[in-house]
Number of protein chains: 2
Amino acid sequence: MNQRKVISLETIRVACKNCTLSSLCLPMGLVPEDVERLDDIVKRARPLHRGDFLFREGDRFRSLYVVKTGSVKTFAPSPEGGEQVLGFHLPGEIIGMDAIDKDAHACSAKVLETSAICEIPFSRLEELTCTIPSLQHQMYRLLSKEIGQDTDMLLLLGKKNAEERLAAFLLSLSQRLHKRGLSPSDFYLSMSRHEIGNYLGLAVETVSRLFTRFQEDGLMRVDRKHIQLLDLSALEALVVGSGQGRRQQQQQT
Amino acid sequence: MNQRKVISLETIRVACKNCTLSSLCLPMGLVPEDVERLDDIVKRARPLHRGDFLFREGDRFRSLYVVKTGSVKTFAPSPEGGEQVLGFHLPGEIIGMDAIDKDAHACSAKVLETSAICEIPFSRLEELTCTIPSLQHQMYRLLSKEIGQDTDMLLLLGKKNAEERLAAFLLSLSQRLHKRGLSPSDFYLSMSRHEIGNYLGLAVETVSRLFTRFQEDGLMRVDRKHIQLLDLSALEALVVGSGQGRRQQQQQT
DNA sequence: GCTGCCGGTTGATCTGGATCAAATATAAGT
DNA sequence: ACTTATATTTGATCCAGATCAACCGGCAGC
């Protein structure tokens, strides 16, 4: 038993109640007693490595997954054989909620760097949410939040130009890292330019050129995967757009 | 009391258990007894008319809404003053789930034609789902489904060209109408070309041109708002794409 | 019926960002 | 260090679809 403790890394074994992410994660707003009950059903697996899958498109749905450390991307195959990156997931973020409906995963989840992941068997969770109203509410909130984020992306893909998209992406990363106690202006990208472009509906070349341009304009510094945002407010101004977006007709219907 | 019955339209007063939509809607899969309990909390308002709002962006979140008859569009303001149409909602579809998280509506919902709407106070619903596990499951499924639909849209906006987008839109409408017992190949559009374009991330002119082209190619017949799909399988082939989508690099990451 | 307006169609032009092409930088082996 | 595979950058060109412009048809109000 002592042996087990030695082997397993501290960051993996830590219970929800001791986890620094609990305020961002499922336990948010639960009384300690209920956190304990949640803790009982969470499985903490050994760390996964770059390229490992949490699940693949088509897999039977059994569990939700929460990133504890590291990062994960989710992506869906497009019919022609390409793929659409659906999201990049940071610690505290929940993955797999889109699979509840069909009881099967419609997308795949791949680990971008060495990562610790919590697994939450959904049937167990469902039992629990029946008896813990605040946990049920939290689940509704998390599902709803995911919908909200998706609609933000729809707006981004439907109405924003390349520049605005990349600025929005950088700011989103910045803000999410900040919430996790990391620097909002100095971080490493765990995903490739390719993946960024795919996610934003842009060609790699466009992403690369924009990085260069943003750097020339003094908005940021780019060195390989290392990003420093030098002017957050200028980036924010870019996202809102100069009032033209993709310069599309701004119709009121 | 008899008087009341005379005034209120049959389609409005019909209880969930007698509603033809129950198999698509919240009551799906519930035992009759539980449907009864759900029924007790559903408010059935008088019909709304074209242009009426169910709710507006910024409104406090109180209820979910279900289209009983007619159709509704939801849309979010983009920062610059334009708007992004987020969806068109047909009978049996639930609106407002994105608002649970922030306890406020992030988008507006406007009625496209005279419509009957069921209102479900969310706090009451939450109480109910605590005691009816199958209803809770249904809620999870519905929220999850919404996420799945949004990711479908992300793929559409991120990877598909104009032709594929419009074909996908028409087929989606067709299939949803079919599920509701209506013709999958002959229907009326309750939204303008403008709204379709906005929804699909295309200019009005592009939508118009594509309608013309599809008609010339014998895929459909278009007369004003009246649509007849003549070759569903050809449209399906279009959606899948000729293997190129927006002709973007189909990278495996 | 007439008039004005709005939604829709059609044509001509323009352009952001994709595609094509090639060089360069990193990483991974061997 | 040397070869090979992969990721990123940079430059040149192309094109789908946006934008601009003009016109048309249906319908609401008078």
Side-chain angles (χ1 to χ4, degrees), chain A residues 49-51 82 85 112-113 156-167 188-216 220-227 238 241-253, chain B residues 49-51 82 85 112-113 156-167 188-216 220-227 238 241-253:
Chain A
H49 300 98
R50 175 168 181 77
V85 173
L112 288 170
E113 61 191 313
L156 185 131
L157 292 178
K159 293 277 175 294
K160 296 195 176 298
N161 65 25
E163 192 177 72
E164 292 161 349
R165 292 182 200 192
L166 189 64
Y188 283 79
L189 298 175
S190 59
M191 70 295 288
S192 69
R193 306 281 194 268
H194 233 105
E195 290 165 317
I196 296 172
N198 186 314
Y199 176 59
L200 298 175
L202 302 172
V204 208
E205 294 92 328
T206 304
V207 173
S208 179
R209 273 185 256 270
L210 283 172
F211 272 143
T212 310
R213 171 134 58 93
F214 282 177
Q215 181 159 237
E216 285 166 2
M220 61 185 300
R221 201 168 310 180
V222 188
D223 173 34
R224 196 103 183 88
K225 303 264 181 192
H226 182 201
I227 300 293
L238 266 188
S242 48
Q244 51 172 30
R246 261 170 75 205
R247 198 136 49 80
Q248 269 185 145
Q249 303 141 323
Q250 297 297 345
Q251 68 282 120
Q252 317 295 340
T253 330
Chain B
H49 300 98
R50 173 167 184 78
V85 172
L112 288 171
E113 61 190 314
L156 184 131
L157 292 178
K159 292 279 175 291
K160 297 198 175 294
N161 66 23
E163 192 176 75
E164 293 161 349
R165 291 182 200 192
L166 190 63
Y188 281 80
L189 298 175
S190 58
M191 71 294 289
S192 69
R193 305 284 196 267
H194 233 105
E195 291 166 316
I196 295 172
N198 186 313
Y199 176 59
L200 297 175
L202 301 173
V204 208
E205 295 91 329
T206 304
V207 173
S208 180
R209 274 186 256 271
L210 283 171
F211 272 144
T212 310
R213 172 134 58 92
F214 283 177
Q215 181 159 238
E216 285 166 1
M220 61 185 300
R221 201 168 310 181
V222 188
D223 174 33
R224 198 104 181 86
K225 303 263 182 193
H226 182 203
I227 300 292
L238 267 188
S242 48
Q244 52 173 29
R246 260 171 75 207
R247 196 133 51 80
Q248 267 184 153
Q249 302 138 323
Q250 298 296 345
Q251 67 284 115
Q252 318 294 339
T253 327

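Quick note on labels: first sequence line is chain A, next is B, and so on, each numbered from 1. As the structure is a prediction and not an experimental result, all values here were calculated from the model.
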task = Using atom CE of M191(B) as one end and atom C1' of dG8(C) as the other, report the distance to the nearest whole Å.
result = 16 Å

Side-chain N,O (T206(B)) to OP1/OP2 (dG17(D)) below 4.0 Å = no

remark   = Which of E163(B), R165(B), K160(B) passes side chain to side chain contact (heavy atoms under 4.5 Å, CB included) with L238(B)? Answer is E163(B)

ask   = Does the pair S208(B) and E205(B) meet the rule for a side-chain contact (heavy atoms from CB on, under 4.5 Å), with working shown?
value = CA-CA 5 Å; S208(B) 180; E205(B) 295 91 329; 5.6 Å; no

query = Expressed in angstrom and rounded to an integer, what is the separation of E216(A) atom CD from dT10(D) atom P?
reply = 8 Å

task = Ignoring backbone atoms, establish whether R224(A) has a side-chain N or O less than 4.0 Å from OP1 or OP2 of dT26(C).
result = no

task = Round to a whole Å and report the spacing from CZ of R165(B) to P of dA16(D).
result = 14 Å

task = Could you tell me the separation between the CZ atom of R193(B) and the P atom of dG26(D), rounded to a whole number of Å?
result = 13 Å

ask   = Mapping K225(B) and R213(A) onto DNA chain C by nearest heavy atom, which one lands closer to the 5' end?
value = K225(B)

request  = Looking only at non-hydrogen atoms, find the nearest pair between E113(B) and S190(B) and report the distance.
outcome  = OE2-CB, 3.5 Å

message = It should be established whether T212(A) places a side-chain nitrogen or oxygen under 4.0 Å from OP1 or OP2 of nucleotide dT9(D).
response = no

ask   = Out of dA18(C), dG17(D), dA18(D), which has the shortest distance to the side chain of A203(B)?
value = dA18(D)

note = S208(A) has its side chain closest, among dT9(D), dA21(D), dG17(C), to dT9(D)

request  = Could you tell me the separation between the CD atom of E205(B) and the C1' atom of dA21(D), rounded to a whole number of Å?
outcome  = 10 Å

request  = Find the distance between CZ (R50(B)) and CG (L112(B)) and round it off to the nearest 0.5 Å.
outcome  = 6.0 Å

note = Rounded to whole Å, CZ of R50(B) lies from C1' of dC27(D) at a distance of 14 Å

task = Could you state the atom-to-atom distance from CD1 of I196(A) to P of dT9(D) in whole Å?
result = 9 Å

request  = Mind listing the closest non-hydrogen atom pair of V85(B) and Y199(B) along with its distance?
outcome  = O-CD1, 3.5 Å

task = Using a heavy-atom cut-off of under 4.0 Å over every strand shown, decide if R209(A) touches base, sugar-phosphate, or nothing.
result = base

key: Nearest-Å distance for atom pair CZ/C1', residues F211(B) and dG7(C)   = 13 Å

